[in-house]
Amino acid sequence: MPKGKQCTHAPEEALLKAGAALQRAIFNSANFSSIATDAKGVIQVFNVGAERMLGYTAAEVMNKITPADISDPQEVIARAKELSIELGTPITPGFEALVFKASRGIEDIYELTYFRKDGSRFPAVVSVTALRDAQDAIIGYLLIGTDNTARKVVEAEQKKLDQRLRDQQFYTRSLIESSIDALMTTDPSGIITDVNKQMEALTGCTRDELIGAPFKNYFTDPERAEAAIKLVLSEKKVSNYELTVRALDGTETVVSYNATTIYDRGRTLQGVFAAARDVTQSKQLEAALQQAKAMAETASSAKSDFLASMSHEIRTPMNAIVGIADLLAKTPLTPQQDKYVQIFRRAGDNLLNLINDILDLSKVEASQLDLEHTVFSLADVIEKVREMVAVRASEKGLALVCEVAPEVPADLVGDPTRLRQVLLNLLGNAIKFTESGQVALRVTPAPGTPTPGMLRFAIADTGIGIAGEKIGAVFEQFTQADSSTTRKYGGSGLGLTISKRLVELMGGQISVDSAVGKGSEFSFTVPFAVWQGAARRAAVAVDAGPGPALPALDILLVEDSQDNRTITLAYLQHTPYRIEVAENGAVAFEKFTAGRYHLVLMDRQMPVMDGLAATRKIREWEADNQRAPTPIVAVTASALMGDREKCLAAGCTAFLTKPIKQSVLLDAIRDHSSAHSDAIVVRMDPLLADLVPEFLQHRREDVLTMRAALEGGDFATVGRLGHGMRGSGGGFGFQAITDIGMALEMAAGDCDRAASQQWLGELSSFLDRVEVT
């Protein structure tokens, strides 16, 4: 064969070989199905991939079926309809529908579901190409398919994810829209990126109008609003930042602005999420509460003023009643007169107790009643209580029993006055409601507690008892178990109420166990501190027994009431005291500056100049003239919370409340007067003999410390040391040190240098003059 001939056929042979190789590769490929048909659709080629995907062998389908026979017939019908509409020509469901586009030379790729031999289905993507001969006549079709199952799974998952995302967006939006607050988001520069309907309602703008607008534009103070955004960005959040929104129609709404920064998954700052809550109503409520509080304070002040006025107005004539009764009792009387005077005295005492009860109740309700914390003997308290109720019990023929368990500590720290008041109320009630039998007071350690100072006081009687349905009401004010108008037993119904309040104020609890006709037992537990040392209030009055005669004192009595002057002068009639009278504070000041007095008895409420103003003027005059402070004892009918402190702060040395018994007045004069000898004699319990010198020495050191502190303006040290003396002075028998300590504490609390120095001089003078025997 010539060389030229060989060159002509070589490319053709190469192409034929390449084509054969391509056909073998396609036929043997397992990754996709290749199905070739004749012009009528009968399968002529069924490659390895088709066998793998469909489960048929080539021999089972070749020259026997068409691809339509292994396709979902409903999908084939649906395809025929769609193509008929699309191409505008009727297309018969079947193989024609699968190859119609390809037969018209149109590229055709579609999704179709194939049936496997075992009946299972799988989605396939089919690409159809028409096979043509050299004259361009169709001789068959090639359908190349790929298994679309994996993509369908991915698409299904994606569809689920998309739906979940839409659901989440809907849920989030629902949350945002259901909020009662106006919500918004901004970018870091303060441009609004989203809002809820509450924000639209608040501003009067639509969502489209708000998005993209500066946040600050919708507030009465744009600079403050912009500062809020900057504060959030710097602090990460802001709470209760008050702003005022201004709507399009001019309506202004005060809102509480709360915001925080927001970030994407990469923790990149996206902006600010903010909530604005309308606080208009809460502002109105707050204003209403403030107004109500102001009204309540005004009412409380009016009540206090009324009580103070009534206390003064009632105590002033009561001073005359009690005083005259005491004076009459000491004069020669016939038996009948003595009987009348005793009735007179008891009536006065009962009325005074009622007044004190009302004032105490008012103080407790207003949280104005302070408790003492002083050392006292429980036995002394019990004995004094027993003495005070013994006469009433004896008159009714009742046995009075007082028992203290051996393990009860003898010396306690607490408020003996309030304890005595509770015991007197409960014992008085027990005696009142008992006609025969006995009334018993028993003191034991409280059961079930390891604290030695937790004591149980039980007052039991054999009286009329209380019905079960009435027990719950006995502690209510102005209430008694028998509330009928013809009740046999009188009383205000305040004793148990005050007792309950006082017990609770002391940190305890009170209860009652009773049965009609069998008697009652009122019991209460109160925690006391146990005094570990031997020192307690043990000062013995100098004139309690044989002792030195009373010194001749010059006393200035400042009192505007003629009756009270008469009683005071009668009280002091048989003493060596020389009394001069001033009708008001102005006259008292004139007399004081013109003479020399060892003591001043100062009424508080007087015309022209009251006692406090007079006391302040006297103290100023003493300081200006370098005179040592003269003892001034306040004698007042004012007995409300703070009255004692006001008197001491004004410069008074001591405080007495009207009505005043003769013994109390004499004791006060003795304790606080500056006699000619300048000596203050105090007789102590022998148990304190070794402790008192050290105590007094420490107080002298305190004087030096406080003087140095005042020079440096250190009022805290003065107040602290004054507070210590206030708590310890009375415990060692020096009431004057307690009173001066209280005055120093108050003066230091007011940063009053002059008053502090004055009271330091008083303390120093007392320490220099005190003599212990």
Side-chain angles (χ1 to χ4, degrees), residues 162 164-301 367:
D162 291 344
R164 287 174 60 188
L165 179 59
R166 286 192 293 271
D167 291 344
Q168 187 64 37
Q169 290 173 337
F170 178 79
Y171 177 71
T172 302
R173 195 72 209 175
S174 297
L175 284 178
I176 292 174
E177 296 298 347
S178 65
S179 173
I180 63 173
D181 297 332
L183 305 180
M184 74 210 81
T185 57
T186 73
D187 64 16
S189 63
I191 302 301
I192 297 174
T193 56
D194 198 5
V195 297
N196 68 348
K197 291 190 180 298
Q198 282 74 14
M199 187 63 182
E200 294 181 79
L202 193 63
T203 60
C205 300
T206 65
R207 185 167 181 261
D208 290 338
E209 290 171 333
L210 289 167
I211 293 176
F215 167 80
K216 65 181 182 180
N217 287 0
Y218 300 95
F219 298 89
T220 57
D221 189 344
E223 293 182 357
R224 179 170 169 79
E226 187 173 25
I229 294 290
K230 293 179 180 179
L231 184 62
V232 177
L233 295 175
S234 62
E235 301 292 334
K236 306 304 181 186
K237 67 177 181 179
V238 66
S239 300
N240 301 322
Y241 190 97
E242 195 167 289
L243 293 169
T244 302
V245 178
R246 178 183 289 134
L248 280 180
D249 62 2
T251 302
E252 294 184 358
T253 306
V254 180
V255 298
S256 177
Y257 173 79
N258 296 273
T260 185
T261 48
I262 51 177
Y263 303 85
D264 61 14
R265 288 182 177 275
R267 297 191 178 183
T268 301
L269 177 68
Q270 296 299 299
V272 172
F273 176 82
R277 173 165 295 183
D278 184 349
V279 293
T280 303
Q281 289 187 346
S282 62
K283 282 286 182 181
Q284 293 173 346
L285 178 60
E286 182 180 348
L289 288 175
Q290 289 292 338
Q291 184 178 4
K293 180 182 178 184
M295 293 176 63
E297 289 175 346
T298 300
S300 177
S301 177
S367 299

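Computation of the quantities below employed the complete heavy-atom set of this structure, encompassing side-chain atoms and omitting hydrogens, waters and symmetry-equivalent molecules.
Taking CD of E226 as the reference point, atom CG of L231 lies at 12.5 Å (rounded to 0.5 Å). Rounding to the nearest 0.5 angstrom, the gap separating the CE atom in M184 from the CZ atom in R207 is 13.5 Å. Atoms CG and CE, on L289 and M295 in that order, are 12.5 Å from each other to the nearest 0.5 Å.
Although no hydrogens or angles enter the test, the distance criterion places a donor-acceptor pair under 3.5 Å between the side chain of T203 and the main chain of M199. Under a 3.5 Å cut-off, the side chain of N196 and the backbone N or O of D181 do form a donor-acceptor pair. Put simply, the side chain of Q270 never gets that close to the backbone of I262: no donor and acceptor are under 3.5 Å apart. Of the possible donor and acceptor atoms, one in the side chain of T260 sits under 3.5 Å from a partner among the backbone N and O of K236. With hydrogens and angles ignored, the 3.5 Å screen pairs a side-chain donor or acceptor of N258 with a backbone N or O of N240. At distances below 3.5 Å, at least one donor-acceptor pair connects side-chain atoms of T185 with backbone N or O atoms of D194.
Proximity of T253 to T280: side-chain heavy atoms (C-beta onward) are separated by under 4.5 Å at one or more points. When side chains are defined from C-beta on, V254 counts as touching E242, because their heavy atoms get closer than 4.5 Å. Side-chain contact between D278 and V245 is absent, with no heavy atoms from C-beta onward closer than 4.5 Å.
Between V272 and A259, the closest heavy-atom pair is CG1-CB, 3.8 Å. The two residues P188 and I229 make their nearest non-hydrogen contact at O-CG2, 4.2 Å. Considering every non-hydrogen atom in both A227 and Y241, the closest pair reads CB-OH, 3.9 Å. Of all heavy-atom pairs spanning P214 and I191, the tightest one is CA-CD1, 3.9 Å. In this structure, F215 and A225 approach most closely via the heavy-atom pair CE2-O, 3.6 Å. A pairwise comparison of heavy atoms in V195 and E200 identifies CG2-CG, 4.4 Å as the closest pair.
Environment of CZ in R277: sparse, with no more than 12 heavy atoms of neighbouring residues, nucleotides or ligands closer than 6.0 Å. Environment of CZ in R166: crowded, with over 12 heavy atoms of neighbouring residues, nucleotides or ligands closer than 6.0 Å.
For F219 and Y257, the gap between ring centers reaches or exceeds 6.0 Å.
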Evaluate S189 against D187 for side chain to side chain donor-acceptor pair (under 3.5 Å), listing each step before the verdict.
CA-CA 5 Å; S189 63; D187 64 16; 2.7 Å; yes

